[in-house]
Amino acid sequence: TGDSLRLEASADTAYFMVNDRYFYVPHLVVLHEGALMLPAETLAEALGCSLTTNEQDGTLTLVKSGQPAAAGTYEEEDLYWLSRAIYSESGNQPMKGRIAVGTVILNRVASPSFPDTVYEVVYQKGQFPGATDCTPNAESVIAAKLCLDGANAVPGAYWFNGADEPCWASRNKATVAVIGGHAFYG
């Protein structure tokens with residue numbers, strides 16, 4: 001912590017937090033020789049800095065160019081439904097798997113082939129029935145915030161299912177990724 005800065009990070013997590021805004025770390029925060037290692041580009045963004053590399057010796061320099069991140073502002077309805085869908089579909093999955101489920105929902109929202117809002121995608125017949133009667137845990141809310149801030153674990157994926165369960169998408173669409181217990185298709 002410091003003047004207008006609060007940074008929290010834990011080893012083996014897929015995110016860190018600056019001033020109540022979460023930043024995605026796809027390859028996890030790493031503990032190395034007693035120090036937490038964060039990706040320099042993402043840390044620079046979070047701290048409101050530019051990142052330069054000395055070509056001669058490879059050292060990185062952070063130069064303050066703006067303000068540290070502020071808490072994200074999210075459409076309450078989007079955060080509400082996205083966090084519930086993530087929890088009901090992937091509450092037992094690693095953070096990358098939760099983000100992948102959130103990504104599928106937001107990919108659908110952005111596509112003209114699906115409904116236009118998170119609420120409409122979640123309520124589309126037969127798609128995310130468990131989202132309507134659950135209370136998400138903290139990790140699912142964080143995953144939803146990461147997705148709403150642009151984290152994207154499965155670009156181009158519009159469907160998912162249990163990794164070993166046949167479904168329409170597994171027979172008709174290309175596999176984008178397998179994460180945790182889910183396969184994602186696009």
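Worth saying up front: this structure is predicted, and the values here are computed from it rather than measured.
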Please report the shortest heavy-atom distance between [X] and [Y], naming the atom on each side.
| X | Y | value |
| --- | --- | --- |
| Val101 | Ala85 | CG1-O, 4.3 Å |
| Ala163 | Val178 | CB-CG1, 4.1 Å |
| Ser65 | Cys49 | OG-C, 3.4 Å |
| Ala157 | Asn107 | O-ND2, 2.8 Å |
| Ala44 | Leu62 | CB-CD2, 3.4 Å |
| Pro129 | Thr132 | O-OG1, 3.0 Å |

Taking side chain as C-beta onward, heavy atoms only, is [X] less than 4.5 Å from [Y]?
| X | Y | answer |
| --- | --- | --- |
| Lys173 | Trp168 | yes |
| Met95 | Ile142 | yes |
| Leu5 | Val18 | yes |

Point-to-point distance, once rounded to the nearest 0.5 Å, from [atom1] of [X] to [atom2] of [Y]:
| X | Y | atom1 | atom2 | value |
| --- | --- | --- | --- | --- |
| Glu89 | Cys134 | CD | SG | 9.0 Å |
| Leu36 | Leu7 | CG | CG | 9.0 Å |
| Glu8 | Asn19 | CD | CG | 10.0 Å |
| Asn152 | Cys147 | CG | SG | 8.0 Å |
| Leu38 | Leu43 | CG | CG | 5.5 Å |
| Asp12 | Leu28 | CG | CG | 6.0 Å |

Please verify the inter-ring angle class for Phe184 with His182; under 30° counts as parallel, over 60° as perpendicular, anything in between as tilted.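 It falls in the perpendicular class, over 60°.
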Starting from the C-alpha separation in whole Å, work towards a yes-or-no answer on side chain to side chain contact (heavy atoms under 4.5 Å, CB included) for Thr117 and Val109. CA-CA 5 Å; Thr117 68; Val109 170; 5.7 Å; no
Before you tell me yes or no, could you show the steps for Phe114 and Glu120 under side chain to side chain contact (heavy atoms under 4.5 Å, CB included), namely the whole-Å CA-CA distance, both residues' side-chain angles and the distance that decides it to 0.1 Å? CA-CA 9 Å; Phe114 293 93; Glu120 291 171 328; over 6 Å; no
State yes or no: do [X] and [Y] share one hydrophobic cluster built from I, L, V, M, F, W and Y residues joined by side-chain heavy-atom distances below 4.5 Å, directly or via other members?
| X | Y | answer |
| --- | --- | --- |
| Ile179 | Leu106 | yes |
| Ile105 | Leu148 | yes |
| Tyr123 | Trp159 | no |

Inspect the surroundings of CG in Asp133 and state if more than 12 heavy atoms from other residues, nucleotides or ligands are less than 6.0 Å away.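 Counting other residues, nucleotides and ligands, CG of Asp133 exceeds 12 neighbours.
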Take a 6.0 Å sphere around CZ of Phe160 and say whether it holds more than 12 heavy atoms from other residues, nucleotides or ligands.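 Count over threshold, so yes.
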Which residues share a side-chain contact (heavy atoms from CB on, under 4.5 Å) with Cys167, sequence neighbours left out: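 By the side-chain contact (heavy atoms from CB on, under 4.5 Å) rule, Cys167 matches Asn161, Ala169, Ser170, Tyr185.
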Only counting residues at least two apart or in another chain, list the ones meeting side-chain contact (heavy atoms from CB on, under 4.5 Å) with Thr61.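 Partners of Thr61 under the side-chain contact (heavy atoms from CB on, under 4.5 Å) test: Thr52, Val63.
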Between Tyr15 and Tyr24, does the ring centroid distance fall short of 6.0 Å?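 No, the ring centres sit 6.0 Å or more apart.
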For residues 70-82, run the donor-acceptor check on the side chains, cut-off 3.5 Å, and write out each pair with its distance to 0.1 Å, sequence neighbours left out.
{"residue": "Tyr74", "atom": "OH", "partner": "Asp149", "partner atom": "OD2", "Å": "2.9"}

Can you tell me if [X] uses its side chain to pair, donor with acceptor, with the backbone of [Y] under 3.5 Å?
| X | Y | value |
| --- | --- | --- |
| Arg108 | Tyr158 | yes |
| Gln127 | Val121 | no |
| Arg98 | Gln93 | yes |
| Ser140 | Pro136 | no |
| Thr53 | Glu55 | no |

Before accepting this row, confirm whether a basic side-chain N of the pair Asp20/Arg6 lies closer than 4.0 Å to the acidic partner's carboxylate O.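 Between Arg6 and Asp20 there is a salt bridge, with a charged N closer than 4.0 Å to a carboxylate O.
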Could you go step by step and tell me if Val29 and Met37 meet the side chain to side chain contact (heavy atoms under 4.5 Å, CB included) rule? CA-CA 6 Å; Val29 174; Met37 309 297 276; over 6 Å; no
Quick one, Val154 with Val104, criterion side chain to side chain contact (heavy atoms under 4.5 Å, CB included). Give me CA distance, side-chain angles, the key distance, then yes/no. CA-CA 7 Å; Val154 285; Val104 165; 4.3 Å; yes
